[in-house]
Every structure is written in structure tokens, then in C-alpha cells.
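A short worksheet on the structure shown next.
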Amino acid sequence: LAAAYMEELRSRDANTIVPEALVAIDSLGNLSGSGRFSRLVTVTDDASNLIRVTFSVTPPGATHPVSLLTLFYQRTAP
């Protein structure tokens, strides 16, 4: 689930990536009020034009999430 959603994020324009609140998802990664997994996306500024995106999924019964991190370069307008 984590790798698939991270690839979706990586396909977006870096300037459009924003944090996503904690949500429940099902085993396919779809939003679901009764989903047994939880998903969270955090975005922080690392440097000028560089953001750090952390994607976390917590499986059912787990005490810690599985997290993936990537950096995105944000282009500025000329």
C-alpha cells in the first residue's frame, strides 16, 4: 500500500503536493470509513525549493506505521 501510493504522489507535480490528514483505508488503499489501515502524508520544507514527503501506513494491530520518505524539487516560475 505504501509503495503504490508513494508512486502516485511521485507522478504529481511537486508544486501540488500537500499534506493529507490521517484517514482510514481498505486493503486496496481506497478511502473507507471502515478501513482497517490508516494513511497519513506529511510534507515539510527541507530547503529552498525542496520538500520532504513522508507517507505512512499503519496496518491493523500494528503499533508503528510503515513509512516511506522521498524528496521533491519544486520548480519556481521563471
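Quick caveat, the model's predicted, so the values are computed rather than measured.
Counted within 6.0 Å of CZ on R12, heavy atoms from surrounding residues, nucleotides or ligands total more than 12; the atom is thus considered enclosed.
Taking the side chain as every heavy atom from C-beta outward, V43 and V18 never approach each other to under 4.5 Å. Looking only at side-chain heavy atoms (C-beta outward), F55 and S67 stay at 4.5 Å or farther from each other. The side-chain heavy atoms of Y5 and V41, taken from C-beta on, include a pair separated by under 4.5 Å.
The OG atom of S32 sits 9.5 Å away from atom CD1 of I25, with the distance rounded to the nearest 0.5 Å. Interatomic distance, OG of S56 versus CE of M6, reported as 8.5 Å (0.5 Å rounding). With rounding to the nearest 0.5 Å, the separation of CZ in F37 from CG in L28 is 9.0 Å. Going from atom OG1 of T42 over to atom CZ of R52 covers 9.5 Å, rounded to the nearest 0.5 Å. For the atom pair CG (N15) and OH (Y73), the distance works out to 9.5 Å, reported to the nearest 0.5 Å. Here the CZ atom belonging to R36 is positioned 11.5 Å from the CG atom belonging to D26, to the nearest 0.5 angstrom.
By the rule that hydrophobic residues join a cluster once side-chain heavy atoms approach within less than 4.5 Å of another member, L68 and L40 end up as members of separate clusters. Residue V23 is not grouped with residue V66 when hydrophobic side chains (ILVMFWY) are merged at heavy-atom distances under 4.5 angstrom, including chains of intermediate members. Cluster membership for L1 and L31, using ILVMFWY side-chain heavy atoms within less than 4.5 angstrom, is shared.
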